[in-house]
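Worksheet: one structure, shown below.
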Protein chains: 2
Amino acid sequence: MANNTDGQTKRTSTFREKMIFAEQYCAKNDLQFTPVRRKVLELLLKSDRALGAYELLDLLREVGFKPQPPVAYRALEFLIKYGFAHKVEHLNAFVACIHPGKEHSPAFMICRSCDSVSEMDTLRSDSMLAENLISQGFKVEEAVIEARGLCEACADVEVK
Amino acid sequence: MANNTDGQTKRTSTFREKMIFAEQYCAKNDLQFTPVRRKVLELLLKSDRALGAYELLDLLREVGFKPQPPVAYRALEFLIKYGFAHKVEHLNAFVACIHPGKEHSPAFMICRSCDSVSEMDTLRSDSMLAENLISQGFKVEEAVIEARGLCEACADVEVK
DNA sequence: GATAAGATGTTATATCGTAACATCCTATAG
DNA sequence: CTATAGGATGTTACGATATAACATCTTATC
Ligand SMILES: [Zn+2]
Ligand SMILES: [Zn+2]
Ligand SMILES: [Zn+2]
Ligand SMILES: [Zn+2]
């Protein structure tokens with residue numbers, strides 16, 4: 001989680017930074033960062049797994065909302081549209097973006113053992129892929145890359 | 001479709017080759033290439049779009065089968081397991097593989113205008129991606145790449 | 001306080017996918 | 001020629017994911 005001495009602090013800090021960024025981005029662009037939208041983003045940021053829409057609905061109910069499915073889907077639609085979250089197609093589930101505000105197509109690493117989902121740090125995959133496909137006559141506008149396998153921690157455990 | 005003088009012939013030929021390959025592969029490996037499985041593969045091969053499971057069910061009914069959903073899903077499961085077809089996650093739909101028998105993770109180009117789905121010719125994307133992610137400590141076992149954009153034909157039309 | 005735009009509440013339903021169990025079909029063994 | 005076992009299919013019933021459509025509320029602006 002962190003390469004400083006206190007994982008929790010590091011994580012909380014990152015979480016706060018992301019929430020503040022979303023706050024400011026919305027203010028700047030006349031977008032309403034409403035309670036449901038804020039809470040859904042919070043829940044996604046706090047999870048290291050991708051969360052399904054109905055899972056989010058349950059979590060929202062636990063904190064006092066009484067939402068029907070469209071509420072979750074609309075919040076997710078907003079977060080995805082403005083780059084705060086992504087959908088992981090292979091899981092029909094959703095994650096917070098690790099670098100919101102930067103134009104990019106996401107690439108995910110999904111661990112089959114612990115179900116963790118992490119977004120690639122680099123944005124290189126975009127250009128790699130685009131160049132490759134353009135040579136085949138296809139004009140890429142958006143791409144989804146989802147790799148399944150073992151995360152570092154789970155690979156270490158499986159050393160047998 | 002073809003760079004010979006008769007697109008239909010070329011396509012039919014490819015279609016036949018793929019069916020014969022499946023036939024022989026199943027015979028060699030003690031797999032049953034049953035009527036439903038054969039028909040589903042035929043339908044996928046003849047389509048340039050990805051087909052949903054319920055769409056396949058309708059098509060099967062048109063040719064005399066009377067299948068319930070599990071029938072289609074089981075045929076697809078078989079075809080995917082042995083490399084004759086892939087699922088396009090972004091569409092919740094299925095396509096025939098263009099190079100069955102070769103171990104690979106598929107990469108798709110999905111046209112937003114005509115809905116055509118084509119699989120990448122090369123298998124390079126596999127190694128590209130794996131190398132990239134391994135450097136981040138993730139061991140890729142399988143990957144899904146789905147690019148959305150414009151196919152060559154539709155890009156030409158949109159020249160405005 | 002009227003108006004309009006956007007957000008949310010609510011119902012109902014569409015779409016995608018699977019668990020579970022019955023039945024059939026085809027080997028190969030006794 | 002049964003028996004029995006495995007794989008394939010038929011069938012019912014449901015679970016999980018997602019959206020259409022319309023009512024209501026909130027907020028900002030005029
Ligand atoms: Zn991202
Ligand atoms: Zn893991
Ligand atoms: Zn393929
Ligand atoms: Zn096209």
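Residue numbering restarts at 1 for every chain, and letters A, B, ... go by the order of the sequence lines.
Remark: Asn29(A) engages Tyr25(A), Leu31(A) in a side chain to side chain contact (heavy atoms under 4.5 Å, CB included) (not counting sequence neighbours). Annotation: side chain to side chain contact (heavy atoms under 4.5 Å, CB included) contacts of Phe65(A) (sequence neighbours excluded): Pro35(A), Val36(A), Lys39(A), Leu60(A), Val63(A), Pro67(A). In this structure Glu77(A) satisfies the side chain to side chain contact (heavy atoms under 4.5 Å, CB included) test together with Arg74(A), sequence neighbours excluded. Looking at residues two or more places apart in sequence or on another chain, you find a side chain to side chain contact (heavy atoms under 4.5 Å, CB included) between Ile80(A) and Ala85(A), Lys87(A), Phe94(A). Take Gln24(B) and apply the side-chain hydrogen bond (donor to acceptor under 3.5 Å, both in side chains) test, not counting sequence neighbours, and it matches no residue.
For Phe108(A) and His86(A), the ring centers are positioned less than 6.0 Å apart.
A salt bridge between Glu142(B) and Arg148(A) is present, with a side-chain N of the basic residue lying under 4.0 Å from a carboxylate O of the acidic one. The pair Arg38(A)-Glu23(A) meets the salt-bridge criterion, with a side-chain N (NZ, NE, NH1 or NH2) lying under 4.0 Å from an Asp/Glu carboxylate O.
Rounded to an integer number of Å, the gap from CG of Leu91(A) to P of dA18(D) is 11 Å. Between the OH atom of Tyr73(B) and the C1' atom of dC14(D) there is a distance of 14 Å, given to the nearest Å.
Distance check, rounded to the nearest 0.5 Å: CG of Leu91(B) to CD of Glu89(A) gives 8.5 Å.
Of the residues near DNA chain D, Asn92(A) and Val36(B), the one whose nearest nucleotide (by heavy atom distance) lies more toward the 5' end is Val36(B).
Other members of the hydrophobic cluster containing Leu57(A), listed by chain and number, are Tyr54(A), Tyr73(A); membership follows side-chain contacts under 4.5 Å among ILVMFWY residues, whether direct or relayed.
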Measure all distances between protein nitrogen or oxygen atoms and nitrogen or oxygen atoms of nucleotides 26-30 of chain D, and list the pairs falling under 3.5 Å.
none

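Contacts between chain A and DNA chain C, taken as any atom within less than 4.0 angstrom of a protein heavy atom, begin and end at dG6(C) to dT11(C).
The stretch residues 60-72 of chain A participates, sequence neighbours left out, in these side chain to side chain donor-acceptor pair (under 3.5 Å) pairs: Asp58(A)-Arg61(A). Applying the salt bridge (Lys or Arg N to Asp or Glu O under 4.0 Å) test to pairs two or more places apart or on separate chains, none has a residue in residues 91-101 of chain B.
Contact annotation for Arg74(A): base contact, defined as any heavy-atom pair under 4.0 Å involving a base atom.
Near DNA chain D, meaning a heavy atom under 4.0 Å from it, residues 52-65 of chain A has Tyr54(A) in order of number. Heavy-atom distances under 4.0 Å link DNA chain D to no residue of residues 75-90 of chain B.
In plain terms, the two heavy atoms of Cys151(B) and Cys111(B) that are nearest each other are N-SG, 3.5 Å.
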